[in-house]
Protein chains: 2
Amino acid sequence: MDRPSDTPRGQQDSRPRVPRATVVRLPQYLRFLRDAEAAENHYLSGARIAAALKIEPAQVRKDLAVTGIASRPGVGFCASELIYAIELYLGWNNTTDAFLVGAGHLGAALAGYAGFQRYGLNIVAVFDLDDHKVGRKLCGKPVHPFDQIAAKAQEMHVHMGIITVPSGAAQDVADVLVLAGIRAIWNFTPVELDVPPNIVVEKTDLAASLAVLSRRLADALRPSR
Amino acid sequence: MDRPSDTPRGQQDSRPRVPRATVVRLPQYLRFLRDAEAAENHYLSGARIAAALKIEPAQVRKDLAVTGIASRPGVGFCASELIYAIELYLGWNNTTDAFLVGAGHLGAALAGYAGFQRYGLNIVAVFDLDDHKVGRKLCGKPVHPFDQIAAKAQEMHVHMGIITVPSGAAQDVADVLVLAGIRAIWNFTPVELDVPPNIVVEKTDLAASLAVLSRRLADALRPSR
DNA sequence: TAGATTGTTAATCGATTAACAATC
DNA sequence: TAGATTGTTAATCGATTAACAATC
(Lines give C-alpha, C1' and ligand atoms only; values in the text may rest on other atoms or scores of the structure.)
Protein backbone atom coordinates (compact mmCIF):
# COMPACT_ATOMS: atom_id res chain seq x y z
CA MET A 1 0.00 0.00 0.00
CA ASP A 2 2.76 2.44 0.88
CA ARG A 3 5.44 2.79 -1.73
CA PRO A 4 9.07 2.60 -0.57
CA SER A 5 10.12 6.08 -1.66
CA ASP A 6 7.40 8.68 -2.00
CA THR A 7 8.77 10.69 -4.93
CA PRO A 8 6.16 13.37 -5.45
CA ARG A 9 6.86 14.44 -9.04
CA GLY A 10 9.81 13.30 -11.10
CA GLN A 11 13.15 12.86 -9.47
CA GLN A 12 15.19 16.04 -9.47
CA ASP A 13 12.62 18.83 -9.13
CA SER A 14 15.18 21.60 -8.90
CA ARG A 15 13.49 23.52 -11.71
CA PRO A 16 10.63 25.65 -10.40
CA ARG A 17 7.48 24.42 -12.09
CA VAL A 18 6.38 26.81 -14.85
CA PRO A 19 2.64 27.00 -15.56
CA ARG A 20 1.64 25.88 -19.02
CA ALA A 21 -0.23 29.15 -19.43
CA THR A 22 3.04 31.01 -19.02
CA VAL A 23 4.70 29.02 -21.80
CA VAL A 24 1.67 29.69 -23.99
CA ARG A 25 2.09 33.42 -23.48
CA LEU A 26 5.82 33.49 -24.23
CA PRO A 27 5.38 33.58 -28.03
CA GLN A 28 3.13 36.62 -27.58
CA TYR A 29 5.86 38.43 -25.70
CA LEU A 30 8.39 37.31 -28.26
CA ARG A 31 6.40 38.70 -31.18
CA PHE A 32 5.76 41.98 -29.43
CA LEU A 33 9.40 42.35 -28.49
CA ARG A 34 10.60 41.56 -31.98
CA ASP A 35 8.26 44.19 -33.37
CA ALA A 36 9.42 46.69 -30.76
CA GLU A 37 13.04 45.92 -31.52
CA ALA A 38 12.37 46.41 -35.23
CA ALA A 39 10.77 49.76 -34.40
CA GLU A 40 13.88 50.81 -32.51
CA ASN A 41 12.25 50.52 -29.09
CA HIS A 42 15.10 48.85 -27.28
CA TYR A 43 13.82 49.17 -23.72
CA LEU A 44 10.29 48.39 -22.56
CA SER A 45 8.80 48.35 -19.09
CA GLY A 46 6.71 45.40 -18.03
CA ALA A 47 3.79 47.78 -17.62
CA ARG A 48 4.02 48.80 -21.25
CA ILE A 49 4.20 45.23 -22.47
CA ALA A 50 1.20 44.43 -20.30
CA ALA A 51 -0.84 47.28 -21.73
CA ALA A 52 -0.04 46.33 -25.32
CA LEU A 53 -0.88 42.67 -24.83
CA LYS A 54 -3.84 43.19 -22.47
CA ILE A 55 -2.27 41.08 -19.77
CA GLU A 56 -2.07 42.00 -16.07
CA PRO A 57 1.24 43.71 -15.30
CA ALA A 58 1.92 41.34 -12.42
CA GLN A 59 1.40 38.42 -14.78
CA VAL A 60 3.88 39.84 -17.26
CA ARG A 61 6.53 40.28 -14.58
CA LYS A 62 5.99 36.74 -13.37
CA ASP A 63 6.00 35.25 -16.86
CA LEU A 64 9.16 37.02 -17.90
CA ALA A 65 10.87 36.02 -14.68
CA VAL A 66 11.19 32.47 -16.05
CA THR A 67 13.71 33.76 -18.57
CA GLY A 68 16.00 34.91 -15.77
CA ILE A 69 16.24 38.37 -17.29
CA ALA A 70 15.83 41.26 -14.85
CA SER A 71 14.25 44.58 -15.63
CA ARG A 72 15.63 47.85 -14.29
CA PRO A 73 13.02 50.03 -12.55
CA GLY A 74 12.55 53.17 -14.60
CA VAL A 75 14.36 51.72 -17.59
CA GLY A 76 12.56 48.46 -18.24
CA PHE A 77 13.57 45.28 -19.98
CA CYS A 78 16.17 45.24 -22.69
CA ALA A 79 14.24 43.90 -25.70
CA SER A 80 17.11 42.10 -27.35
CA GLU A 81 18.10 40.42 -24.09
CA LEU A 82 14.55 39.22 -23.51
CA ILE A 83 14.15 38.03 -27.09
CA TYR A 84 17.29 35.98 -26.81
CA ALA A 85 16.28 34.58 -23.41
CA ILE A 86 12.77 33.59 -24.53
CA GLU A 87 14.13 31.91 -27.65
CA LEU A 88 16.61 30.08 -25.50
CA TYR A 89 13.95 29.03 -23.02
CA LEU A 90 11.73 27.65 -25.77
CA GLY A 91 14.62 26.06 -27.60
CA TRP A 92 13.92 28.30 -30.58
CA ASN A 93 17.45 29.62 -30.86
CA ASN A 94 18.48 26.49 -32.74
CA THR A 95 16.09 25.25 -35.40
CA THR A 96 14.41 21.96 -34.65
CA ASP A 97 14.02 19.67 -37.61
CA ALA A 98 10.69 17.91 -37.90
CA PHE A 99 8.96 15.33 -40.04
CA LEU A 100 5.46 15.91 -41.25
CA VAL A 101 3.27 12.88 -41.86
CA GLY A 102 0.21 13.38 -44.05
CA ALA A 103 0.43 15.37 -47.28
CA GLY A 104 -3.17 16.55 -47.31
CA HIS A 105 -4.43 20.11 -47.24
CA LEU A 106 -3.46 20.71 -43.63
CA GLY A 107 -0.07 19.12 -44.20
CA ALA A 108 0.47 21.44 -47.16
CA ALA A 109 -0.56 24.42 -45.05
CA LEU A 110 1.99 23.57 -42.39
CA ALA A 111 4.71 22.58 -44.84
CA GLY A 112 4.23 25.88 -46.65
CA TYR A 113 4.10 28.09 -43.60
CA ALA A 114 7.24 30.17 -43.77
CA GLY A 115 6.51 31.66 -40.36
CA PHE A 116 7.61 28.50 -38.56
CA GLN A 117 11.15 29.60 -39.24
CA ARG A 118 10.66 32.33 -36.65
CA TYR A 119 9.66 29.67 -34.16
CA GLY A 120 12.71 27.57 -34.77
CA LEU A 121 10.82 24.87 -36.60
CA ASN A 122 12.03 23.40 -39.87
CA ILE A 123 10.01 20.73 -41.62
CA VAL A 124 12.68 18.75 -43.41
CA ALA A 125 10.60 16.02 -44.97
CA VAL A 126 7.03 14.95 -45.59
CA PHE A 127 5.73 11.38 -45.56
CA ASP A 128 2.57 9.94 -46.97
CA LEU A 129 0.98 6.55 -47.41
CA ASP A 130 -0.39 7.48 -50.80
CA ASP A 131 2.07 6.53 -53.54
CA HIS A 132 0.64 9.19 -55.82
CA LYS A 133 1.98 11.87 -53.54
CA VAL A 134 5.38 10.26 -52.99
CA GLY A 135 8.21 11.64 -55.09
CA ARG A 136 6.57 14.99 -55.61
CA LYS A 137 7.20 18.04 -53.54
CA LEU A 138 4.76 19.53 -51.08
CA CYS A 139 5.38 23.24 -50.81
CA GLY A 140 9.02 22.67 -51.57
CA LYS A 141 9.44 19.71 -49.22
CA PRO A 142 10.11 16.25 -50.64
CA VAL A 143 7.41 13.65 -50.02
CA HIS A 144 8.77 10.26 -49.02
CA PRO A 145 7.08 6.88 -48.69
CA PHE A 146 5.75 6.27 -45.20
CA ASP A 147 7.89 3.21 -44.56
CA GLN A 148 11.09 5.24 -44.80
CA ILE A 149 10.37 7.22 -41.65
CA ALA A 150 12.53 5.16 -39.33
CA ALA A 151 15.53 5.13 -41.67
CA LYS A 152 15.32 8.85 -42.37
CA ALA A 153 14.82 9.72 -38.70
CA GLN A 154 18.06 7.96 -37.77
CA GLU A 155 19.87 9.45 -40.73
CA MET A 156 18.70 13.02 -40.19
CA HIS A 157 18.61 12.94 -36.39
CA VAL A 158 15.03 14.16 -36.29
CA HIS A 159 13.23 14.23 -32.93
CA MET A 160 9.88 15.80 -33.79
CA GLY A 161 6.95 14.52 -35.82
CA ILE A 162 3.83 16.32 -36.96
CA ILE A 163 0.74 14.25 -37.65
CA THR A 164 -1.76 15.56 -40.19
CA VAL A 165 -3.24 12.30 -41.40
CA PRO A 166 -6.92 11.34 -41.16
CA SER A 167 -8.00 10.36 -37.64
CA GLY A 168 -8.18 6.69 -38.46
CA ALA A 169 -4.47 6.49 -39.22
CA ALA A 170 -3.25 8.69 -36.37
CA GLN A 171 -2.44 5.99 -33.82
CA ASP A 172 -0.62 3.85 -36.37
CA VAL A 173 1.45 6.80 -37.46
CA ALA A 174 2.24 7.65 -33.85
CA ASP A 175 3.38 4.07 -33.23
CA VAL A 176 5.73 4.21 -36.20
CA LEU A 177 7.09 7.61 -35.16
CA VAL A 178 7.81 6.32 -31.66
CA LEU A 179 9.54 3.25 -33.07
CA ALA A 180 11.58 5.56 -35.29
CA GLY A 181 12.91 7.29 -32.20
CA ILE A 182 10.82 10.45 -32.42
CA ARG A 183 10.52 12.12 -29.00
CA ALA A 184 7.89 14.81 -29.59
CA ILE A 185 4.64 14.63 -31.55
CA TRP A 186 2.46 17.51 -32.67
CA ASN A 187 -0.90 15.89 -33.20
CA PHE A 188 -3.40 17.69 -35.43
CA THR A 189 -5.96 14.89 -35.25
CA PRO A 190 -8.58 14.74 -32.50
CA VAL A 191 -7.36 11.29 -31.49
CA GLU A 192 -6.05 10.82 -27.95
CA LEU A 193 -2.77 9.14 -28.82
CA ASP A 194 -1.45 6.29 -26.74
CA VAL A 195 2.31 6.64 -26.46
CA PRO A 196 5.03 5.73 -23.93
CA PRO A 197 5.39 8.20 -21.05
CA ASN A 198 8.72 9.55 -22.25
CA ILE A 199 7.17 10.81 -25.50
CA VAL A 200 5.88 14.37 -25.48
CA VAL A 201 2.59 14.92 -27.27
CA GLU A 202 0.90 18.23 -27.94
CA LYS A 203 -2.52 18.18 -29.52
CA THR A 204 -3.96 21.00 -31.58
CA ASP A 205 -7.64 20.19 -31.71
CA LEU A 206 -9.54 22.49 -34.02
CA ALA A 207 -12.86 21.09 -32.78
CA ALA A 208 -12.06 22.29 -29.26
CA SER A 209 -11.48 25.86 -30.38
CA LEU A 210 -14.55 25.75 -32.56
CA ALA A 211 -16.63 24.46 -29.65
CA VAL A 212 -15.70 27.45 -27.53
CA LEU A 213 -16.41 29.83 -30.38
CA SER A 214 -19.73 28.17 -31.24
CA ARG A 215 -20.90 28.21 -27.66
CA ARG A 216 -19.95 31.83 -27.15
CA LEU A 217 -21.61 32.80 -30.42
CA ALA A 218 -24.78 31.06 -29.32
CA ASP A 219 -24.63 32.99 -26.04
CA ALA A 220 -24.05 36.23 -27.93
CA LEU A 221 -26.93 35.71 -30.34
CA ARG A 222 -29.48 34.47 -27.80
CA PRO A 223 -29.98 37.48 -25.52
CA SER A 224 -29.63 39.95 -28.41
CA ARG A 225 -33.39 40.38 -28.57
CA MET B 1 -15.63 54.68 -4.42
CA ASP B 2 -18.62 52.41 -4.05
CA ARG B 3 -20.57 51.88 -7.21
CA PRO B 4 -24.37 52.30 -7.05
CA SER B 5 -25.31 48.77 -8.07
CA ASP B 6 -22.71 46.12 -7.56
CA THR B 7 -23.41 43.95 -10.59
CA PRO B 8 -20.80 41.24 -10.30
CA ARG B 9 -20.73 39.88 -13.85
CA GLY B 10 -23.14 40.70 -16.64
CA GLN B 11 -26.75 41.40 -15.92
CA GLN B 12 -28.86 38.28 -15.80
CA ASP B 13 -26.52 35.61 -14.53
CA SER B 14 -29.14 32.92 -14.35
CA ARG B 15 -26.95 30.56 -16.35
CA PRO B 16 -24.47 28.79 -14.12
CA ARG B 17 -21.02 29.74 -15.38
CA VAL B 18 -19.46 26.88 -17.34
CA PRO B 19 -15.66 26.61 -17.29
CA ARG B 20 -14.00 27.02 -20.65
CA ALA B 21 -12.14 23.78 -20.03
CA THR B 22 -15.48 21.98 -19.87
CA VAL B 23 -16.54 23.34 -23.26
CA VAL B 24 -13.16 22.31 -24.66
CA ARG B 25 -13.76 18.73 -23.51
CA LEU B 26 -17.26 18.44 -24.92
CA PRO B 27 -16.11 17.61 -28.48
CA GLN B 28 -14.06 14.76 -27.01
CA TYR B 29 -17.12 13.32 -25.36
CA LEU B 30 -19.09 13.86 -28.53
CA ARG B 31 -16.61 11.97 -30.67
CA PHE B 32 -16.40 9.11 -28.21
CA LEU B 33 -20.16 8.87 -27.92
CA ARG B 34 -20.65 8.92 -31.68
CA ASP B 35 -18.13 6.11 -32.04
CA ALA B 36 -19.83 4.16 -29.25
CA GLU B 37 -23.23 4.70 -30.82
CA ALA B 38 -21.86 3.51 -34.16
CA ALA B 39 -20.52 0.41 -32.39
CA GLU B 40 -23.98 -0.29 -30.95
CA ASN B 41 -23.03 0.70 -27.42
CA HIS B 42 -26.12 2.64 -26.54
CA TYR B 43 -25.55 3.07 -22.83
CA LEU B 44 -22.30 4.12 -21.20
CA SER B 45 -21.49 4.86 -17.59
CA GLY B 46 -19.57 8.01 -16.75
CA ALA B 47 -16.85 5.81 -15.32
CA ARG B 48 -16.39 4.08 -18.65
CA ILE B 49 -16.27 7.34 -20.58
CA ALA B 50 -13.71 8.62 -18.07
CA ALA B 51 -11.51 5.56 -18.51
CA ALA B 52 -11.59 5.76 -22.29
CA LEU B 53 -10.77 9.46 -22.39
CA LYS B 54 -8.32 9.46 -19.48
CA ILE B 55 -10.34 12.05 -17.58
CA GLU B 56 -11.25 11.88 -13.88
CA PRO B 57 -14.69 10.30 -13.41
CA ALA B 58 -15.86 13.20 -11.27
CA GLN B 59 -14.83 15.57 -14.02
CA VAL B 60 -16.82 13.65 -16.59
CA ARG B 61 -19.94 13.73 -14.42
CA LYS B 62 -19.56 17.43 -13.87
CA ASP B 63 -18.88 18.21 -17.51
CA LEU B 64 -21.81 16.20 -18.77
CA ALA B 65 -24.09 17.80 -16.20
CA VAL B 66 -24.07 20.99 -18.29
CA THR B 67 -26.09 19.18 -20.92
CA GLY B 68 -28.90 18.59 -18.46
CA ILE B 69 -28.88 14.88 -19.25
CA ALA B 70 -29.04 12.55 -16.25
CA SER B 71 -27.42 9.17 -16.04
CA ARG B 72 -29.08 6.22 -14.36
CA PRO B 73 -26.90 4.48 -11.77
CA GLY B 74 -26.13 0.99 -13.01
CA VAL B 75 -27.31 1.77 -16.53
CA GLY B 76 -25.34 4.88 -17.46
CA PHE B 77 -25.93 7.63 -19.96
CA CYS B 78 -27.98 7.08 -23.07
CA ALA B 79 -25.48 7.82 -25.84
CA SER B 80 -27.95 9.22 -28.33
CA GLU B 81 -29.50 11.48 -25.73
CA LEU B 82 -26.09 12.83 -24.74
CA ILE B 83 -24.99 13.28 -28.34
CA TYR B 84 -28.08 15.31 -29.08
CA ALA B 85 -27.71 17.37 -25.92
CA ILE B 86 -24.04 18.18 -26.50
CA GLU B 87 -24.74 19.17 -30.10
CA LEU B 88 -27.55 21.36 -28.87
CA TYR B 89 -25.39 22.92 -26.20
CA LEU B 90 -22.66 23.77 -28.70
CA GLY B 91 -25.12 24.91 -31.33
CA TRP B 92 -23.91 22.13 -33.60
CA ASN B 93 -27.35 20.72 -34.29
CA ASN B 94 -27.93 23.37 -36.92
CA THR B 95 -25.06 24.11 -39.27
CA THR B 96 -23.48 27.51 -38.89
CA ASP B 97 -22.50 29.19 -42.12
CA ALA B 98 -19.15 30.91 -42.12
CA PHE B 99 -16.98 33.04 -44.36
CA LEU B 100 -13.32 32.29 -44.74
CA VAL B 101 -10.99 35.18 -45.51
CA GLY B 102 -7.60 34.33 -46.94
CA ALA B 103 -7.22 31.71 -49.67
CA GLY B 104 -3.71 30.63 -48.80
CA HIS B 105 -2.55 27.18 -47.76
CA LEU B 106 -4.21 27.29 -44.38
CA GLY B 107 -7.40 28.66 -45.88
CA ALA B 108 -7.40 25.79 -48.36
CA ALA B 109 -6.86 23.31 -45.55
CA LEU B 110 -9.86 24.62 -43.64
CA ALA B 111 -12.04 25.06 -46.72
CA GLY B 112 -11.29 21.48 -47.71
CA TYR B 113 -11.76 19.93 -44.32
CA ALA B 114 -14.87 17.80 -44.65
CA GLY B 115 -14.84 17.02 -40.94
CA PHE B 116 -16.21 20.46 -40.05
CA GLN B 117 -19.56 19.19 -41.15
CA ARG B 118 -19.62 17.05 -38.01
CA TYR B 119 -19.06 20.16 -35.97
CA GLY B 120 -21.91 22.05 -37.56
CA LEU B 121 -19.64 24.34 -39.51
CA ASN B 122 -20.19 25.12 -43.18
CA ILE B 123 -17.81 27.41 -45.01
CA VAL B 124 -20.05 28.94 -47.64
CA ALA B 125 -17.66 31.37 -49.27
CA VAL B 126 -14.02 32.34 -49.40
CA PHE B 127 -12.69 35.87 -49.84
CA ASP B 128 -9.28 37.07 -50.87
CA LEU B 129 -7.56 40.33 -51.68
CA ASP B 130 -5.58 38.76 -54.48
CA ASP B 131 -7.47 39.10 -57.78
CA HIS B 132 -5.69 36.08 -59.19
CA LYS B 133 -7.49 33.88 -56.71
CA VAL B 134 -10.89 35.50 -57.14
CA GLY B 135 -13.30 33.69 -59.42
CA ARG B 136 -11.65 30.32 -58.95
CA LYS B 137 -12.73 27.73 -56.46
CA LEU B 138 -10.83 26.81 -53.35
CA CYS B 139 -11.58 23.20 -52.46
CA GLY B 140 -14.98 23.57 -54.02
CA LYS B 141 -15.79 26.91 -52.41
CA PRO B 142 -16.11 30.01 -54.61
CA VAL B 143 -13.53 32.74 -53.99
CA HIS B 144 -14.99 36.24 -53.97
CA PRO B 145 -13.31 39.64 -53.99
CA PHE B 146 -12.66 40.96 -50.52
CA ASP B 147 -14.83 44.04 -50.92
CA GLN B 148 -17.95 41.94 -51.35
CA ILE B 149 -17.89 40.64 -47.79
CA ALA B 150 -20.42 43.09 -46.40
CA ALA B 151 -22.91 42.59 -49.22
CA LYS B 152 -22.64 38.81 -49.09
CA ALA B 153 -22.87 38.70 -45.31
CA GLN B 154 -26.19 40.53 -45.39
CA GLU B 155 -27.43 38.45 -48.29
CA MET B 156 -26.46 35.08 -46.82
CA HIS B 157 -27.09 35.92 -43.17
CA VAL B 158 -23.63 34.81 -42.14
CA HIS B 159 -22.49 35.45 -38.56
CA MET B 160 -19.09 33.80 -38.44
CA GLY B 161 -15.80 34.71 -40.08
CA ILE B 162 -12.54 32.77 -40.22
CA ILE B 163 -9.34 34.73 -40.70
CA THR B 164 -6.43 32.98 -42.41
CA VAL B 165 -4.68 35.97 -43.97
CA PRO B 166 -1.09 37.03 -43.21
CA SER B 167 -0.69 38.70 -39.82
CA GLY B 168 -0.29 42.15 -41.29
CA ALA B 169 -3.78 42.13 -42.80
CA ALA B 170 -5.56 40.52 -39.85
CA GLN B 171 -6.79 43.65 -38.08
CA ASP B 172 -8.05 45.21 -41.31
CA VAL B 173 -9.93 42.04 -42.16
CA ALA B 174 -11.42 41.93 -38.67
CA ASP B 175 -12.57 45.53 -39.01
CA VAL B 176 -14.32 44.76 -42.28
CA LEU B 177 -15.93 41.62 -40.86
CA VAL B 178 -17.26 43.56 -37.88
CA LEU B 179 -18.62 46.25 -40.18
CA ALA B 180 -20.25 43.52 -42.25
CA GLY B 181 -22.19 42.41 -39.18
CA ILE B 182 -20.15 39.31 -38.36
CA ARG B 183 -20.55 38.35 -34.69
CA ALA B 184 -17.92 35.66 -34.22
CA ILE B 185 -14.36 35.49 -35.51
CA TRP B 186 -12.05 32.50 -35.60
CA ASN B 187 -8.62 34.03 -35.80
CA PHE B 188 -5.77 31.88 -37.10
CA THR B 189 -3.23 34.69 -37.00
CA PRO B 190 -1.19 35.44 -33.88
CA VAL B 191 -2.51 39.00 -33.83
CA GLU B 192 -4.46 40.14 -30.78
CA LEU B 193 -7.49 41.56 -32.57
CA ASP B 194 -9.11 44.74 -31.40
CA VAL B 195 -12.87 44.38 -31.77
CA PRO B 196 -16.00 45.73 -30.05
CA PRO B 197 -16.96 43.88 -26.85
CA ASN B 198 -20.03 42.24 -28.39
CA ILE B 199 -17.91 40.41 -30.94
CA VAL B 200 -16.72 36.95 -29.98
CA VAL B 201 -13.15 36.10 -30.94
CA GLU B 202 -11.43 32.77 -30.61
CA LYS B 203 -7.77 32.55 -31.48
CA THR B 204 -6.02 29.41 -32.63
CA ASP B 205 -2.38 30.26 -32.23
CA LEU B 206 -0.10 27.58 -33.61
CA ALA B 207 2.93 29.25 -32.07
CA ALA B 208 1.45 28.77 -28.61
CA SER B 209 1.04 25.03 -29.10
CA LEU B 210 4.48 24.77 -30.63
CA ALA B 211 5.97 26.67 -27.69
CA VAL B 212 4.60 24.13 -25.23
CA LEU B 213 5.80 21.24 -27.36
CA SER B 214 9.25 22.77 -27.89
CA ARG B 215 9.72 23.46 -24.21
CA ARG B 216 8.62 19.99 -23.18
CA LEU B 217 10.86 18.42 -25.80
CA ALA B 218 13.81 20.43 -24.50
CA ASP B 219 12.99 19.18 -20.98
CA ALA B 220 12.71 15.62 -22.25
CA LEU B 221 16.02 15.68 -24.11
CA ARG B 222 18.07 17.46 -21.43
CA PRO B 223 18.05 14.97 -18.53
CA SER B 224 18.20 11.96 -20.87
CA ARG B 225 21.89 11.55 -20.19
C1' DT C 1 17.54 62.32 -4.72
C1' DA C 2 12.51 61.30 -5.79
C1' DG C 3 9.45 58.57 -8.23
C1' DA C 4 8.29 55.14 -11.17
C1' DT C 5 8.81 50.29 -11.61
C1' DT C 6 10.32 46.22 -10.18
C1' DG C 7 10.42 41.12 -7.84
C1' DT C 8 7.99 38.56 -4.69
C1' DT C 9 4.92 37.35 -1.06
C1' DA C 10 0.04 37.06 0.31
C1' DA C 11 -4.85 37.00 -1.01
C1' DT C 12 -8.08 35.77 -4.27
C1' DC C 13 -10.14 33.28 -7.63
C1' DG C 14 -11.40 29.25 -10.26
C1' DA C 15 -10.97 24.57 -11.61
C1' DT C 16 -10.03 19.79 -10.38
C1' DT C 17 -10.26 15.93 -7.30
C1' DA C 18 -12.14 13.44 -3.36
C1' DA C 19 -15.82 11.94 -0.64
C1' DC C 20 -20.35 10.36 0.29
C1' DA C 21 -25.32 10.32 0.86
C1' DA C 22 -28.95 9.58 -2.61
C1' DT C 23 -30.50 6.68 -6.34
C1' DC C 24 -31.71 3.37 -9.73
C1' DT D 1 -33.07 -6.07 -2.55
C1' DA D 2 -27.92 -5.20 -2.88
C1' DG D 3 -24.44 -2.97 -5.20
C1' DA D 4 -22.68 -0.18 -8.51
C1' DT D 5 -22.98 4.47 -9.98
C1' DT D 6 -24.63 8.72 -9.72
C1' DG D 7 -25.03 14.17 -8.50
C1' DT D 8 -23.19 17.36 -5.52
C1' DT D 9 -20.82 19.31 -1.68
C1' DA D 10 -16.28 19.94 0.50
C1' DA D 11 -11.24 19.81 0.12
C1' DT D 12 -7.44 20.43 -2.64
C1' DC D 13 -4.72 22.25 -6.00
C1' DG D 14 -2.91 25.70 -9.07
C1' DA D 15 -3.01 30.01 -11.39
C1' DT D 16 -4.08 34.90 -11.36
C1' DT D 17 -4.37 39.32 -9.13
C1' DA D 18 -3.21 42.59 -5.46
C1' DA D 19 -0.07 44.68 -2.45
C1' DC D 20 4.22 46.50 -1.02
C1' DA D 21 8.99 46.78 0.42
C1' DA D 22 13.21 46.89 -2.36
C1' DT D 23 15.48 49.05 -6.26
C1' DC D 24 17.36 51.66 -9.97
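Letters A, B, ... are given to chains in the order of the sequence lines, protein chains preceding strands, and every chain is numbered from 1.
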Handout entry: Contact state string [nucleotides 17-24 of chain C, B base, S sugar-phosphate only, - no protein heavy atom under 4.0 Å]
Key = BBB---BB
Exercise for the section: Kindly indicate, with the supporting measurements, whether the criterion side chain to side chain contact (heavy atoms under 4.5 Å, CB included) is fulfilled by A/Phe127 and A/Leu100. Expected result: CA-CA 6 Å; A/Phe127 297 86; A/Leu100 189 149; over 6 Å; no
Handout entry: With sequence neighbours excluded, residues passing side chain to side chain contact (heavy atoms under 4.5 Å, CB included) with A/Asn94
Key = none
Handout entry: N or O in side chain of B/Arg20 less than 4.0 angstrom from C/dG14 OP1/OP2
Key = no
Practice task
Provide the full list of ring pair (Phe, Tyr, Trp, His ring centres under 6.0 Å) pairs with a residue in residues 185-207 of chain B, sequence neighbours left out, each pair given once.
Solution key: B/Phe116-B/Trp186, B/Trp186-B/Phe188
Problem - For A/Lys141, all residues meeting side chain to side chain contact (heavy atoms under 4.5 Å, CB included), sequence neighbours excluded - result: A/Ala111, A/Asn122, A/Ile123, A/Val126
Practice task
Name the nucleic acid region contacted by B/Ala70, choosing base, sugar-phosphate or nothing; use a 4.0 angstrom heavy-atom cut-off, strictly under.
Solution key: sugar-phosphate
Exercise for the section: Looking at every strand, decide which applies to B/Ala21 at a 4.0 Å heavy-atom threshold: base, sugar-phosphate, or nothing. Expected result: sugar-phosphate
Handout entry: Any B/Arg48 side-chain N or O less than 4.0 Å from OP1/OP2 of D/dT5
Key = no
Exercise for the section: Report the nucleotide, chosen from C/dT6, C/dG7, D/dG7, that has the shortest atom-to-atom distance to any side-chain atom of A/Ala47. Expected result: C/dT6
Problem - Qualifying side-chain hydrogen bond (donor to acceptor under 3.5 Å, both in side chains) pairs, either residue in residues 156-175 of chain B, two or more places apart - result: B/Gln171-B/Asp175
Exercise for the section: Remember a base hit wins even if backbone is also touched, and classify B/Arg25 as base, sugar-phosphate or nothing at under 4.0 Å, heavy atoms. Expected result: sugar-phosphate
Problem - A/Arg17 CZ - D/dG14 C1' separation (whole Å) - result: 8 Å
Exercise for the section: Rounded off to whole Å, could you give me the CG-to-C1' distance for the B/Leu44 and D/dT6 pair? Expected result: 15 Å
Practice task
Taking Watson-Crick and G-U wobble pairs with both distances under 3.5 Å, convert DNA chain D into its dot-bracket string, 5' to 3', dots for unpaired and | for cross-strand pairs.
Solution key: ..||||||||||||||||||||||
Handout entry: Matching residue for B/Ile162 among B/Asn187, B/Leu121, B/Leu177, B/Val101 - test: side chain to side chain contact (heavy atoms under 4.5 Å, CB included)
Key = B/Leu121
Problem - DNA chain D contacts made by residues 77-85 of chain A, counting heavy atoms under 4.0 Å - result: none
Exercise for the section: With sequence neighbours left out, write down each residue that passes ring-ring contact (aromatic ring centres under 6.0 Å, His included) with A/Phe32, or none if nothing qualifies. Expected result: none
Practice task
Take atom CG of B/Asp63 and atom C1' of D/dG7, then tell me their distance rounded to the nearest Å.
Solution key: 13 Å
Determine all donor-acceptor pairs shorter than 3.5 Å in which one atom belongs to a side chain in residues 75-90 of chain A; sequence neighbours excluded.
{"from": "A/Glu87", "atom 1": "OE2", "to": "A/Arg34", "atom 2": "NH2", "distance (Å)": "2.8"}

Practice task
Sort and list the pairs that fulfil salt bridge (Lys or Arg N to Asp or Glu O under 4.0 Å) and have at least one residue in residues 194-212 of chain B, not counting sequence neighbours.
Solution key: A/Arg31-B/Asp205, A/Lys54-B/Asp194, A/Arg216-B/Glu202, B/Arg20-B/Glu202, B/Glu192-B/Lys203
Completion exercise
residues 35-50 of chain A vs side-chain hydrogen bond (donor to acceptor under 3.5 Å, both in side chains), sequence neighbours excluded, gives A/Glu37-A/His42, A/Glu40-A/His42
Exercise for the section: With sequence neighbours excluded, tell me which residues meet ring-ring contact (aromatic ring centres under 6.0 Å, His included) with B/Tyr29. Expected result: none
